[in-house]
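Here's the structure, in structure tokens; my notes come after.
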There are 2 protein chains.
Amino acid sequence: MSLVEIYQCLCDPTRLRILHLLGQGELCVCHFQEILGEPQVKISKHLAYLRSHGLVESRKEANWVIYRLPAKRSRELTANLACLQDCAQEDPVFRKDAARRAKLSDKFSAESPICCAPKTKKTACCPTP
Amino acid sequence: MSLVEIYQCLCDPTRLRILHLLGQGELCVCHFQEILGEPQVKISKHLAYLRSHGLVESRKEANWVIYRLPAKRSRELTANLACLQDCAQEDPVFRKDAARRAKLSDKFSAESPICCAPKTKKTACCPTP
DNA sequence: CTTGCATATACCTATAAAGGTATATTCCTT
DNA sequence: AAGGAATATACCTTTATAGGTATATGCAAG
């Protein structure tokens, strides 16, 4: 994963929002949909792009796929992710994303430690698809 | 100049090398040619791209055009340029560029404070085009 | 005012990326 | 086993970018 490759991943607004959100912890695809307000295909493809370049990792959890920043990060990736978080602080779009994420967390954190593991299997992952 | 726009400027290897070099001070096009070993058109076009997005500024000096990082930089630009310099430290390509630049500086600093202003007009700007 | 040099631009081609629609895959539930 | 939900992929179209060749512009020296 070269430096240029990192920047190529960063040069799309949707991917930036995704990476910014992941800075606060893992998320499943359906929650990305809800927070970003973008269609599933779009998000799925950007996540695939990021994964193919090593900027995110994923794991399967029942019906859902949960994405996170890679456990091991290169010096360059670490530096740039930190820079992104820093820059995102003042941007209204990123702030709103974080706010929407916080609301979702309230809804789910009581029931489960991870975003998409409802206590009972009856509970849907994303209440408002 | 949005954050995404900055990353779009950063996602090309030649532009990265240009910006890295400018971190050490202004340079004219012909010195970019010499240091980067790339054709004039390529460099000129990347510089135009960077200028059109506000990542560099230029001024004319006799026959030459000298580029520099903008005097006023946004928070985002400042942060990302710093991050780039940091990441470039360990990369062999960037290091070689800096070394070549240093050689040129030796050659020119004795004669003139800026890269492309020979003491006498007879002196060519770039000895080995 | 013409020649030469440094730089920029126009134009073309190839490649890559983004976004959309439709469909496939996987896993759970019944 | 079948249906439904979450996610991924195939395929298409549009747009952007990169790089090349050829040419134009601006300036300086004579």
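Letters A, B, ... are given to chains in the order of the sequence lines, protein chains preceding strands, and every chain is numbered from 1.
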Can you tell me how far apart OG1 (A/T14) and CD (A/E38) are? Round to the nearest 0.5 Å. 5.0 Å

Would you mind reading off the distance between B/Y7 atom OH and D/dT17 atom P, rounded to a whole angstrom? 18 Å

Whole-Å distance, A/Q33 CD to D/dA8 P, equals 10 Å

By nearest-nucleotide position on DNA chain C, the 5'-leaning member of A/H53 and A/K60 is A/H53

Using side-chain heavy atoms (C-beta onward) and a distance below 4.5 Å, is A/L27 in contact with A/R101? yes

From CG of A/L36 over to P of C/dG19, roughly how many Å is that when rounded to an integer? 12 Å

For the pair made of CZ in A/F32 and P in D/dA6, what is the distance, rounded to whole Å? 16 Å

Select one nucleotide: of D/dG26, C/dT7, D/dA18, the one nearest the side-chain heavy atoms of B/Y49. D/dA18

Side-chain N,O (B/H46) to OP1/OP2 (D/dG19) below 4.0 Å: yes

Using the rule that Ile, Leu, Val, Met, Phe, Trp and Tyr join whenever any side-chain heavy atoms are under 4.5 Å apart, tell me whether B/L77 and B/Y49 fall into a single cluster. no

Tell me whether B/R95 at atom CZ has more than 12 heavy atoms from other residues, nucleotides or ligands lying less than 6.0 Å away. no

Taking the side chain from A/Q85 and the backbone from A/H20, do they hold a donor-acceptor pair closer than 3.5 Å? yes

Could you check if a side-chain atom of B/D12 sits within less than 4.5 angstrom of a side-chain atom of A/V4, using non-hydrogen atoms only? no

Among residues 10-22 of chain A, which residues get a heavy atom nearer than 4.0 Å to DNA chain C? A/D12, A/R15

For every nucleotide of nucleotides 8-14 of chain C, 5' to 3': is a protein heavy atom under 4.0 Å from its base (B), only from its sugar-phosphate (S), or from neither (-)? BB-----

Tell me: CD1 of A/I66 to P of C/dC27, nearest whole Å? 14 Å

Verify same cluster id: A/V41, A/W64 (apolar side-chain graph, 4.5 Å): no

Specify the separation, in whole Å, of atom CZ of A/R59 and atom P of D/dT7. 13 Å

Euclidean distance, atom CD of residue A/E61 to atom P of C/dC28 [Å, nearest integer]: 10 Å

Rounded to whole angstrom units, what separation is found between the CD atom of A/E38 and the P atom of C/dA18? 13 Å

Could you pull out all donor-acceptor pairs under 3.5 Å where a side-chain atom in residues 65-73 of chain A meets a protein atom, sequence neighbours excluded?
unit_1	atom_1	unit_2	atom_2	d
A/R68	NE	A/E57	OE1	3.2
A/R73	NE	A/P70	O	2.8

Checking C/dA17, D/dA5, C/dA6 against the side chain of A/N63 (C-beta onward), the nearest is D/dA5

When you group the ILVMFWY residues by side-chain heavy-atom contacts below 4.5 Å and let the links chain together, are A/F32 and A/V93 in the same group? no

